[in-house]
Structure formats: C-alpha cells, structure tokens
Amino acid sequence: MTDKPHHPHDKFVKAIFPLLFPAQIEDTQRAVRLKEELFIDIFYKSLTNPNPINPRQEQLLGMLGRMMKIHPTIIVEHYSRYLKPEHIDSCIFRKQVYWYGENDTRTERSGDLRLDKNTANLPTPLSPDMPFTWILTSQCGNNLLHRTRAEPDPIFGKHVYRLDPQTGIGIVVLEKLAYSEDTMLLKLLSNNPDTVLKAYRDIDRLSPDLPLANDIISACNEYCIHIQGLTTTASLDLQEINTMSILQREPAYQKRVKELQAEGEARGEARGKLETAKKLLSAKFGQVSPEIEARLVSMTADELDDLLIRSLEWSTSKSLLEI
C-alpha cells in the first residue's frame, strides 16, 4: 500500500495548522509503522489545562476551531483535489495502524506491527482514546457520499458529513461550504483561487491588530513564494497555478517579497564584508582562530564596517581581543 502523494497545497495546509493551534499540534507528518512507513497529515491533541484564548482569535478560528474540540485527539487528513474511495480507506487504515501501534504491547516488544488492510478495517467501536479523523477535501462527489453512507453532520451543517460512528471519520467539502466569517479559515484551505483570494484579503484586514492573522498571511505568502520557486509546474494543477498568480498581485504579498529581497541583499553584503575582514586579519596577524571567526560571523554588516576601520590601526595580534 502506498501513501498519498504530497501536493504543494497539502504542504501549505500543514504549515497553517501549527500556527492556528501551536500548543495542540503534536505532528504535521506523524509516521505510523507497518512494513513501510505511512504518514498521518496532522495530529492534534487537546490540552488538559488550556490557556484562555483571545476572543478575537477564537472568532478567527471560527468553525475550524470548534471542529477541533469535538474529541480529545484529532487527526486531520487533507486532499487538495477530489476525494476518492481509496482515500477514505487509506485514512481508516492509517488511523487503525496508529491505534494498534500505540496500544498493542506486542508492538513494544517486537518494534514492528504486522497488520494487513483487511485486519485494520475490522469494525471497532470508537474508543474515547481513539482519534477522530476530519478529512478536509476540496471536492467530493455525491456518489461517494452515498456509497459511504455519509450523513449530514448535525452540528456543523451543510457540506460537513459523518461516516459510520464506528469509523470516527468526518468529511468537510471545502469548496461547497458557504463563505462567511465563520468558515473563512476553512475556505482558505480550499484549492479554489477565488475563495482563497477572498479569505486572504479578509484575514489581511485583521492582521495589523491580530498576530495570528499576520502569521496566516505570512504563511500564505511563503506558500506562493514556494510555488513560484518550483523549477517545474508539472506537479501543480491549474488551480494551484491560478492561486499563485492571483495572490502575487496582492499588496501584502508584494511587500513580503520586497522584504525577502532586502534581507537577501543584506545577507549577501554581510557575507562579503565577513570575507574581507577574515582576509585582512589573516594577512596582518596570521590564521584567524575559530573563536575569532565565530565572533566575526555573529557581527552585523555595520559592525564589520567598524571593525575594518579599527583594524587598520592595529599593530599586534593582541588587538584581536577587542573584537
């Protein structure tokens, strides 16, 4: 059995969750052992004594925040394209492998877990300790929902579904959710350029006064920079390319790119001055010691400028102690 492919948009979702739930997210790629490694996308565990949440931050988390509170342990699996039957099978399988691996003493003795797919899919009543899985998918066909006997979720409304209670799995069809302040974050995690752009702009309006919103915008910008830097678009679908091109025109994105360019230029300037300082000191006093080199590396470009000027007046190696 092969694990699911990782599209660039899936990596973006994995970057967002630790920002939203920094204390609760234990992993964004938790390995479960079988004859080959499989990975759970996001592993969330509730805090025993959580700190109070800023009401505005809780409002920004919206429906996603409430979804993460329905069970003490949550697995989130994200699919950036259409959900398929084998995806659901894979989610059940990974969760069951994780569960048996955590609770079967044979695993501790042998260091290996030997299950096949049929064994892992045996109906098991959902234990309070077994994680609940949310599948976040951009699209899901009605035929699949019917085949899996998915029922509308009584808590979260349209386009959120629960499978058989024994599976402990829910499905959220991101692109079909109605856009609102409550679903804004979930819509950001979809792969639809128009709704991603709307969510991006709405969150950006909150960013000056809400650190979490600023972190989310930064993550969006880093995602677009990552996409832009790929050497080939062969692994991208049309929506990912469209999302990238739309966000690149946003002022917040352009500002971040300019900041990164300025940081890169500053680092390049500092590296050049560092090499000049090392060469000058070596020429005057011989090989520079590792301790002195470490102190040079820690200096800013301005500090290196000052050092270069002062070093012109030094006549003995004892002057290096002034660094």
Side-chain angles (χ1 to χ4, degrees), residues 9-28 30 40-78 128-129 131-138 152-162 168-192 194-223 247 250 252 256:
H9 189 253
D10 295 321
K11 293 180 180 179
F12 165 64
V13 173
K14 288 183 181 182
I16 285 287
F17 266 83
L19 297 176
L20 306 180
F21 310 101
Q24 296 96 325
I25 298 297
E26 292 194 352
D27 280 305
T28 55
R30 172 163 290 200
I40 288 169
D41 278 354
I42 294 162
F43 193 87
Y44 170 104
K45 199 164 188 177
S46 297
L47 299 176
T48 305
N49 297 302
N51 293 324
I53 297 179
N54 180 323
R56 292 188 65 224
Q57 180 170 317
E58 191 160 11
Q59 186 177 8
L60 174 57
L61 293 174
M63 190 167 101
L64 177 59
R66 297 195 304 278
M67 285 169 51
M68 303 303 283
K69 294 179 180 178
I70 67 165
H71 197 271
T73 308
I74 302 282
I75 290 171
V76 179
E77 302 280 14
H78 178 262
D129 298 324
F132 182 89
T133 297
W134 282 117
I135 298 176
L136 306 184
T137 179
S138 288
D153 189 284
I155 300 173
F156 299 108
K158 285 186 176 181
H159 310 301
V160 181
Y161 303 90
R162 298 281 185 103
I169 287 181
I171 298 174
V172 184
V173 187
L174 297 171
E175 291 195 15
K176 290 188 177 181
L177 288 175
Y179 187 95
S180 69
E181 187 179 80
D182 196 42
T183 62
M184 181 167 58
L185 266 183
L186 286 164
K187 298 297 282 185
L188 182 71
L189 303 180
S190 75
N191 202 18
N192 182 295
D194 294 333
T195 53
V196 168
L197 178 61
K198 180 171 175 55
Y200 179 94
R201 287 174 172 172
D202 287 343
I203 294 171
D204 188 38
R205 291 190 190 101
L206 302 174
S207 61
D209 304 315
L210 191 59
L212 175 60
N214 186 61
D215 290 342
I216 293 169
I217 291 300
S218 294
C220 291
N221 293 340
E222 296 296 339
Y223 164 65
L247 292 188
E250 291 298 295
R256 178 57 179 152

When you look at Phe156 and Leu186, which way does the side-chain contact (heavy atoms from CB on, under 4.5 Å) test go after all the steps?
-> CA-CA 12 Å; Phe156 299 108; Leu186 286 164; over 6 Å; no

Mind running side-chain contact (heavy atoms from CB on, under 4.5 Å) on Asp194 and Leu197 for me, showing each step along the way?
-> CA-CA 5 Å; Asp194 294 333; Leu197 178 61; 5.8 Å; no

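Checking side-chain atoms of Thr183 against main-chain N and O of Ala178 turns up a donor-acceptor pair under 3.5 Å. Within the 3.5 Å criterion, the main-chain N or O of Pro72 finds a donor-acceptor partner in the side chain of Ser46. The main-chain N or O of Leu174 is found under 3.5 Å from a side-chain atom of Lys187 such that the two form a donor-acceptor pair.
For the salt bridge (Lys or Arg N to Asp or Glu O under 4.0 Å) condition, the pairs that include at least one residue of residues 53-65, sequence neighbours left out, are Glu58-Lys69.
In plain terms, the two heavy atoms of Lys14 and Ile42 that are nearest each other are CA-CD1, 4.3 Å. Across all their heavy atoms, Met184 and Ala199 have their closest contact at O-CB, 3.6 Å.
With sequence neighbours excluded, the residues that form a side-chain contact (heavy atoms from CB on, under 4.5 Å) with Thr133 are Ile75, Glu77, Lys95, Ile135, Ile169. With sequence neighbours excluded, the residues satisfying side-chain contact (heavy atoms from CB on, under 4.5 Å) with Ala213 are Leu60, Ile203, Leu206, Ser207, Leu210. For Ile155, the side-chain contact (heavy atoms from CB on, under 4.5 Å) partners at least two apart in sequence or on another chain are Asp153, Arg162. Partners of Asp182 according to the salt bridge (Lys or Arg N to Asp or Glu O under 4.0 Å) rule, which considers only residues two or more places apart in sequence or in another chain, are Arg66. Under the side-chain hydrogen bond (donor to acceptor under 3.5 Å, both in side chains) criterion, Asn54 pairs with no residue, sequence neighbours left out. Residues forming a ring-ring contact (aromatic ring centres under 6.0 Å, His included) with Tyr161 (at least two apart in sequence, or on another chain): none. Taking the salt bridge (Lys or Arg N to Asp or Glu O under 4.0 Å) definition, one finds that Glu181 meets it with nothing, sequence neighbours left out.
Here the straight-line distance linking atom CG of Leu19 with atom CD1 of Ile217 works out to 11.5 Å at 0.5 Å rounding. Between Ile16 atom CD1 and Phe21 atom CZ the span is 11.0 Å, to the nearest 0.5 Å. Interatomic distance, Thr73 OG1 to Phe43 CZ, rounded to the nearest 0.5 Å: 5.0 Å. Going from atom CE of Met68 over to atom CZ of Phe17 covers 5.0 Å, rounded to the nearest 0.5 Å. Rounded to the nearest 0.5 angstrom, Leu188 CG and Tyr179 OH are separated by 8.5 Å.
Using a 4.5 Å cut-off on side-chain heavy atoms (C-beta onward), Met63 and Leu177 make contact. The shortest distance between side-chain heavy atoms of Leu185 and Ile216 falls below 4.5 Å. Side chains of Val172 and Leu136 form a contact here, defined as non-hydrogen atoms less than 4.5 Å apart.
Ring pair Phe132/Trp134 is perpendicular by interplanar angle, where above 60° counts as perpendicular and below 30° as parallel.
With salt bridges taken as basic N to acidic carboxylate O contacts below 4.0 Å, one links Asp202 and Arg205.
Within a 6.0 Å sphere centred on NZ of Lys158, other residues, nucleotides and ligands contribute 12 heavy atoms or fewer.
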